[in-house]
S.K.: 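Questions regarding the structure given below will be posed in turn.
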Amino acid sequence: MPADRDARSDCLFCQIVRGELPATKVAEDELVLAFHDIAPRSPTHVLVIPKVHIASAAELANDDGPLLGRLFGTIARIAREAGIADDGYRIVSNVGRWGGQTVDHLHFHLMGGRAFDWPPG
Ligand code: 5GP
Ligand code: ZN
């Protein structure tokens, strides 16, 4: 594993993965962790992250296919379990400053329980 994917002591989500910061977990396996967003913007607002530190979606490569399959499979399962799958939902991954990224550890927002505008503001 490349060194830039080592856990970061200064990374909020690495700290949650290691149990150093509390989070309300929704799902977990050896590769991914899902937990409720601390400031939800919709009735369902879950963050789904890889346990390994990846700075953003801009750092993903071909070898990450299995990890991405696991992340998106987890998202779909949580959506079904949360009862939002039939009405639909949004999956968002913000990248960089203009993308609105505030935590530099790859995460997918699973948002549902209400309708969303398009395009986003
Ligand atoms: P971003 O702005 O990078 O796309 O998303 C970061 C998300 O992480 C935000 O929605 C924010 O509310 C959430 N967040 C920030 N700090 C914490 C935390 O300590 N715990 C949890 N559960 N969510 C957090
Ligand atoms: Zn991290």
Side-chain angles (χ1 to χ4, degrees):
M1 186 184 300
D4 64 354
R5 293 189 167 189
D6 288 347
R8 303 281 169 95
S9 56
D10 60 344
C11 171
L12 206 58
F13 289 174
C14 283
Q15 290 171 13
I16 288 175
V17 168
R18 289 198 301 268
E20 295 167 6
L21 273 181
T24 308
K25 294 180 184 180
V26 178
E28 179 170 17
D29 64 24
E30 79 280 13
L31 292 180
V32 309
L33 178 64
F35 50 94
H36 289 289
D37 196 292
I38 202 168
R41 302 299 188 100
S42 51
T44 296
H45 190 171
V46 174
L47 301 175
V48 185
I49 71 170
K51 287 189 166 178
V52 66
H53 181 89
I54 298 173
S56 79
E59 306 299 321
L60 291 166
N62 286 344
D63 287 352
D64 294 311
L67 173 62
L68 283 166
R70 187 71 67 88
L71 285 161
F72 278 89
T74 302
I75 289 169
R77 180 167 54 81
I78 294 170
R80 286 193 299 272
E81 290 171 359
I84 61 172
D86 287 348
D87 283 332
Y89 50 89
R90 187 162 291 179
I91 302 167
V92 175
S93 191
N94 297 321
V95 178
R97 188 161 51 95
W98 276 25
Q101 184 176 8
T102 59
V103 177
D104 290 338
H105 180 129
L106 175 65
H107 51 282
F108 293 93
H109 298 258
L110 165 58
M111 306 179 74
R114 66 172 173 85
F116 297 96
D117 292 335
W118 189 262

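As the structure is a computational prediction, the values presented were derived from the model and not from experiment. One-based numbering, in listed order, for ligands and for the atoms of each.
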S.K.: Does ligand 1 have a heavy atom under 4.0 Å from the side chain of H36, from its backbone, from both, or from neither?
M.R.: backbone
S.K.: Can an N or O of A23 be found at a distance shorter than 3.5 Å from an N or O of ligand 1?
M.R.: no
S.K.: Nearest heavy atom to atom 4 (O) of ligand 1: which of V95, N94, T102, D104 does it belong to?
M.R.: N94
S.K.: If you define the side chain from C-beta out and look only at heavy atoms, does anything of L67 sit under 4.5 Å from I54?
M.R.: yes
S.K.: Need the ligand 1 atom indices (1-based, order shown) with element for anything under 4.0 Å from a heavy-atom of A39.
M.R.: 12 (O)
S.K.: Starting from atom 5 (O) of ligand 1, which protein heavy atom do you reach first, and at what distance in Å?
M.R.: H107 NE2, 2.9 Å
S.K.: Using the side-chain contact (heavy atoms from CB on, under 4.5 Å) rule, pick out the option among L47, I75, V48 that qualifies with H109.
M.R.: L47
S.K.: So what does the C11 SG - the Zn ion (ligand 2) - H53 ND1 angle come to, to 10°?
M.R.: 110°
S.K.: Please confirm whether the backbone N or O of M111 pairs with a side-chain atom of T44, one donor and one acceptor, at under 3.5 Å?
M.R.: no
S.K.: Could an N or O of ligand 1 be found under 3.5 Å from any N or O of G100, whether backbone or side chain?
M.R.: yes
S.K.: For ligand 1, which atoms, with element, lie under 4.0 Å from some heavy atom of Q101?
M.R.: 3 (O)
S.K.: Counting distance only, does the side-chain N/O of R114 pair as donor-acceptor with the main-chain N or O of R41 below 3.5 Å?
M.R.: yes
S.K.: Closest non-hydrogen protein atom to atom 9 (C) of ligand 1, residue and atom name please, with distance?
M.R.: D37 OD2, 3.3 Å
S.K.: What N/O/S atom of H105 gets nearest to the Zn ion (ligand 2)?
M.R.: ND1
S.K.: Is any side-chain heavy atom of L106 closer than 4.5 Å to one of F13?
M.R.: no
S.K.: About how many Å separate OG of S42 and CZ of F116, when rounded to the nearest 0.5 Å?
M.R.: 4.0 Å
S.K.: Which part of F13 is near ligand 1, with near meaning a heavy atom under 4.0 Å away: side chain, backbone, both or neither?
M.R.: side chain
S.K.: Rounded to the nearest 0.5 Å, what separates atom CD in Q15 from atom CZ in R18?
M.R.: 6.5 Å
S.K.: Between L47 and ligand 1, find which residue part has any heavy-atom pair under 4.0 Å and reply side chain, backbone, both or neither.
M.R.: side chain
S.K.: Checking the side chain of H107 only, and the main-chain atoms of S56 only, is there a donor and an acceptor separated by less than 3.5 Å?
M.R.: no
S.K.: Considering heavy atoms of the protein only, find what lies nearest to atom 24 (C) of ligand 1 and give residue, atom and distance to 0.1 Å.
M.R.: I38 CG2, 3.4 Å
S.K.: What part of L12, side chain from CB on, backbone N/CA/C/O, both or neither, has a heavy atom under 4.0 Å from ligand 1?
M.R.: side chain
S.K.: Show which atoms of ligand 1 fall inside a sub-4.0 Å distance from at least one heavy-atom site of H109.
M.R.: 1 (P), 4 (O), 5 (O), 7 (C), 10 (O)
S.K.: When you measure from the side chain of D64 to the backbone N and O of A61, does any donor-acceptor pair fall under 3.5 Å?
M.R.: yes
S.K.: Any ion pair linking E59 and R5 (charged N to carboxylate O, less than 4.0 Å)?
M.R.: no
